[in-house]
Engineer: 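Sharing a structure with you now.
Lettering of chains follows the sequences in order, A, B, ..., and the numbering in each one begins at 1. Just so it is clear, the structure is predicted and the values come from calculations on it, not from any experiment.
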2 protein chains.
Amino acid sequence: MPTSIREVARHAGVSIATVSHVINNTRYVKEETRKKVQDSIEQLGYCPNAIARSFKTGRHNLIAFITPDIANPFYSAMIEEVEAVISAKGYRLLICNTKEDAVKEADALRVLANGVVDGFIIASAFLSYDPIAKMLPANLPVIFVDRSLENNPCDTLLIDNYHALQKGIEYLIHQGHTHIAYITVKNQLSTVIERRAAYEDTMASHHLPTDDLVFIANPLSSLFSDNLAPLLREDITAIAVPNACLSTEVLTFLEEHGRIPGKDIEAIGYKESNQPQYINPSISLISQPAEALGRAAGHQLLERMSNPDLPTCRTILSATFIPKTDRHKI
Amino acid sequence: MPTSIREVARHAGVSIATVSHVINNTRYVKEETRKKVQDSIEQLGYCPNAIARSFKTGRHNLIAFITPDIANPFYSAMIEEVEAVISAKGYRLLICNTKEDAVKEADALRVLANGVVDGFIIASAFLSYDPIAKMLPANLPVIFVDRSLENNPCDTLLIDNYHALQKGIEYLIHQGHTHIAYITVKNQLSTVIERRAAYEDTMASHHLPTDDLVFIANPLSSLFSDNLAPLLREDITAIAVPNACLSTEVLTFLEEHGRIPGKDIEAIGYKESNQPQYINPSISLISQPAEALGRAAGHQLLERMSNPDLPTCRTILSATFIPKTDRHKI
DNA sequence: CAATATCATATAAACGTTTACCATAATCAT
DNA sequence: ATGATTATGGTAAACGTTTATATGATATTG
């Protein structure tokens, strides 16, 4: 049904080669001929078939960003920056939302990796590179971001989860807190593990026990409130969480139960994206450089595409701990 | 470089047809032969070229969602629902972020419309359908959402912006407010125009003047605070805004200048997405059915794809006005 | 004016698949 | 044993482009 280059050629009374050259400006065509061709294109409403073109040329100018959660401002901030970087070089960005589902991720990789996109930026739901390896053709440029995977030989850009939270916990300890609770989630993502390690290590290095202070909570579970109930214990005077989602959930829970964060109980939350006003202004925050990470990932991908022999890069961007007393500065 | 079906065929000592049939289960192949082929595929690490396949078959099982702002929870909520609906039917979703830039949108349409995707769902940055018409091949299923465009002959799913805000303004008026300010933005999007009309009509129908009560503000401008300054006027006792972004910006501005929303001044804000905790709990809200809109759009697109002759559909989903006194119900 | 250079366009192969059609071998019914 | 049927798999065309090569027309040169 869609008109092809052949029909345009016939209509204009020239060869398909000439039509192609007119469209792509890829060799000189006499003004008169060009005019004829352009008129025919206009009249027939011809649009080159992008698939056929990519198929033939092997180039597509398409990059895919695989995100585990499109609704998370951390990723949308990254996406915006990646897009800005690559679109300056003529690439377009496709976004795939996996909802933290490794199967969906595998699916997206399979469908896009062979012939559709020129490169990937992946915030993976997988814990190891091994299952991914099979579905990526050799030499397809891939950059991993935010989460580190076992056995991953590809360029990887991470955030220093450990030291930011370490600073945060030390801040609380220096303020005199000894019973600092930590809420975490059940999965084994590197970010989750690193943050929890930062909490436990820091507590331990100050000889503070954590045995009955770590709580696993799933905001989507109906047991969420039940699991959080111990937070209301009198001895707990401060609390930390490993991400922005839990931040808001836990803060809301505390408020609803009459413990005002920042007043009755100290807290460290996460701020993802540059929207500080969303978060209770009287708690301390950890701020992740989502934008910088996005830019770096975009640049690294372009580098990798233009030079496949580059040594593997591993970059760690530091996150910022913002004590509540500095909140006005952001 | 990537291995082709031909090499697999050679390696397995069969024809390419047989390989193709093994891969696609598209005709019977003797178990022994099938085994040989599968082994060869495994050994060579062969992956079918998705582009070549789509090119040949004309089917791709790909839908594109064009969003003006990936960071806006309203759209990410929609996206999640669209994805859920279409993925149940075997389609995958590509997301394109236009950043409210019609040029970027045109670009994305051009690149995806011819041969890449099987359908579009578009929240357009264009005000009219005319410039879009040229770049969409006839019969490509397209659903427009959220924003109405002039001259648009395609299926369109909208939200009833007018009546939700009308209810809100009437609520304020019934509470005795007479000087209700309205902040809006400069663009001509249908959503913006409809909401402003709702404000002005409702005020007028109660014989309340609006001459010096409408303010144009751009949150990204350095003049933002200047433009908002009149909001601090003593006579203004209530205020409404046309979207969630302005909601938070304006609420923050008011708080910073010592006028506590919900106490010193009444307000109607927008809540986009199911994250009520982000918004000051003591103001009234308008809640848009982003999820329902996403589901409806997904279904309509599937309908349209399976039956191109369906009469054009225009659906308007109502939004909910939530008086501050009902906030606990959400 | 012939020989050559340049300009403008056409012809056809190729990209990696899918699939309609054809071919052969094996099995079966008579 | 013959012909019909079934099982299995090969051949080649086609999808819509791009592009290397070929070709004819015109302009330029000595």
Side-chain angles (χ1 to χ4, degrees), chain A residues 1-38 40-41 44-62 110-118 137 140, chain B residues 1-38 40-41 44-62 110-118 137 140:
Chain A
M1 201 75 213
T3 81
S4 84
I5 197 172
R6 225 171 298 274
E7 299 171 55
V8 176
R10 182 143 24 91
H11 186 275
V14 301
S15 76
I16 62 172
T18 300
V19 177
S20 175
H21 289 302
V22 167
I23 293 170
N24 301 306
N25 262 317
T26 169
R27 86 175 167 201
Y28 181 81
V29 176
K30 202 179 10 167
E31 197 42 51
E32 188 191 329
T33 317
R34 168 185 302 276
K35 186 79 176 57
K36 266 194 307 186
V37 172
Q38 282 167 338
S40 296
I41 290 178
L44 299 175
Y46 168 70
C47 258
N49 181 312
I51 284 274
R53 186 190 326 236
S54 312
F55 166 52
K56 176 62 178 149
T57 63
R59 287 170 291 106
H60 332 272
N61 290 348
L62 232 43
R110 236 189 316 266
V111 89
L112 295 176
N114 288 87
V116 180
V117 304
D118 300 312
L140 183 66
Chain B
M1 202 75 216
T3 81
S4 82
I5 198 173
R6 226 171 298 274
E7 299 172 55
V8 176
R10 183 142 24 89
H11 186 275
V14 301
S15 76
I16 60 173
T18 301
V19 177
S20 175
H21 288 302
V22 167
I23 293 172
N24 301 306
N25 264 316
T26 168
R27 85 175 167 201
Y28 182 81
V29 175
K30 210 196 336 186
E31 195 47 44
E32 188 190 328
T33 318
R34 169 185 301 276
K35 186 79 176 57
K36 266 194 307 187
V37 171
Q38 281 166 339
S40 295
I41 289 177
L44 298 175
Y46 167 73
C47 257
N49 181 312
I51 284 276
R53 191 199 307 246
S54 314
F55 167 50
K56 176 62 179 153
T57 62
R59 287 169 290 108
H60 331 273
N61 290 350
L62 231 44
R110 237 191 314 266
V111 90
L112 296 176
N114 288 89
V116 179
V117 304
D118 300 313
L140 183 65

Engineer: In this structure, which one of B:H11, B:R10, B:E7, B:K35 forms a side chain to side chain donor-acceptor pair (under 3.5 Å) with B:S40?
Structural biologist: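 The passing option is B:H11.
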Engineer: If you only use heavy atoms from C-beta on, which nucleotide in C:dT18, D:dT11, D:dT17 is closest to the side chain of B:T57?
Structural biologist: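 Closest nucleotide among those given: C:dT18.
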Engineer: Toward the 5' end of DNA chain D, which comes first, A:R53 or B:V29, by nearest nucleotide?
Structural biologist: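 Nearest nucleotide further toward 5': that of B:V29.
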Engineer: Below 4.5 Å, heavy atoms only, C-beta onward: do A:I51 and B:I51 meet side chain to side chain?
Structural biologist: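 Heavy-atom side-chain distance check passes, below 4.5 Å.
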Engineer: Nearest-Å distance, CD (B:E7) to P (C:dC15)?
Structural biologist: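 So the two atoms are 11 Å apart, to the nearest Å.
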Engineer: Is it the case that the side chain of B:H60 and the backbone of B:G115 share a donor-acceptor pair, with hydrogens and angles ignored and the cut-off at 3.5 Å?
Structural biologist: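 At least one qualifying donor-acceptor pair exists.
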Engineer: Under 4.0 Å from OP1 or OP2 of C:dC7: is there any side-chain N or O of A:Y28 that close?
Structural biologist: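 Looking at the OP1 and OP2 atoms of C:dC7, neither is under 4.0 Å from any side-chain N or O of A:Y28.
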Engineer: Quick one: label A:I16 by what it contacts on the DNA or RNA (base, sugar-phosphate, nothing), any heavy atom closer than 4.0 Å.
Structural biologist: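 Base contact.
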Engineer: Rounded to whole Å, how long is the line connecting atom CG of A:N25 with atom C1' of D:dT18?
Structural biologist: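 Answer to the nearest Å: 15 Å.
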Engineer: Quick one: is B:N24 getting a side-chain N or O under 4.0 Å of the C:dT18 phosphate, OP1 or OP2?
Structural biologist: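 Looking at the OP1 and OP2 atoms of C:dT18, one of them is under 4.0 Å from a side-chain N or O of B:N24.
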Engineer: I need the CZ-C1' distance between A:R10 and C:dT11, as an integer number of Å.
Structural biologist: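 Answer to the nearest Å: 16 Å.
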Engineer: List for me each residue that meets salt bridge (Lys or Arg N to Asp or Glu O under 4.0 Å) alongside A:R110, sequence neighbours excluded, and say none if there are none.
Structural biologist: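 Only A:D107 meet the salt bridge (Lys or Arg N to Asp or Glu O under 4.0 Å) criterion with A:R110.
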Engineer: Give a yes/no answer on whether the side chain of A:S20 brings an N or O atom under 4.0 Å of OP1 or OP2 in D:dT18.
Structural biologist: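 A:S20 to D:dT18 OP1/OP2: side-chain N or O found under 4.0 Å.
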Engineer: What's the CD-P distance between B:E32 and D:dA7, to the nearest Å?
Structural biologist: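 Distance check: B:E32 CD to D:dA7 P gives 17 Å.
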Engineer: Might you list the N or O atoms of the protein lying below 3.5 Å from N or O atoms in nucleotides 20-24 of chain D, with each pair's distance?
Structural biologist:
none

Engineer: Would you mind telling me which of D:dG16, D:dT19, C:dA10 lies closest to the side-chain atoms of A:S4?
Structural biologist: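 My answer, after comparing the listed nucleotides, is D:dG16.
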Engineer: Less than 4.5 Å apart, side chain to side chain, heavy atoms only: is that true for B:T33 and B:V14?
Structural biologist: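 Yes, close enough: below the 4.5 Å cut-off.
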Engineer: From the options C:dC15, D:dC15, D:dT18, select the nucleotide whose nearest atom is closest to the side chain of A:F55.
Structural biologist: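 Nearest to the side chain of A:F55 among the choices is C:dC15.
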Engineer: Starting at CD1 of A:I51 and ending at P of C:dT18, how long is that distance when rounded to a whole Å?
Structural biologist: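 It works out to 14 Å between those atoms.
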Engineer: Measure from CG on B:N114 to C1' on D:dT18 and round the result to the nearest Å.
Structural biologist: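 Result: 17 Å.
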Engineer: Show me the donor-acceptor pairs within less than 3.5 Å that the side chains of residues 20-28 of chain A make with the rest of the protein, sequence neighbours left out.
Structural biologist:
unit_1	atom_1	unit_2	atom_2	d
A:S20	OG	A:N24	ND2	3.4
A:N24	OD1	A:R53	NH1	2.7
A:N24	ND2	A:S20	O	3.0

Engineer: Any side-chain to backbone donor/acceptor pair from A:N114 onto B:A50? Under 3.5 Å, distance only.
Structural biologist: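 Here the side-chain-to-backbone pair does not exist.
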Engineer: Could you tell me how far apart A:K56 (NZ) and D:dA14 (C1') are, to the nearest whole angstrom?
Structural biologist: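 Result: 15 Å.
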Engineer: Of all the nucleotides listed (C:dA8, D:dG9, D:dT17), which has the minimum atom distance to the side chain of A:K30?
Structural biologist: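 The nucleotide sitting nearest to the side chain is C:dA8.
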Engineer: Quick check for you: to the nearest 0.5 Å, what is the distance between A:I5 atom CD1 and A:I41 atom CD1?
Structural biologist: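 Output value for this atom pair is 8.0 Å.
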Engineer: Return the value, rounded to whole Å, for the distance between atom CD1 of B:I5 and atom C1' of D:dG9.
Structural biologist: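 Between C1' of D:dG9 and CD1 of B:I5: 14 Å.
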Engineer: Could you check which of D:dG16, D:dT18, D:dG10 has an atom nearest any side-chain atom of B:T18?
Structural biologist: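 Of the options given, the side chain of B:T18 lies nearest D:dG10.
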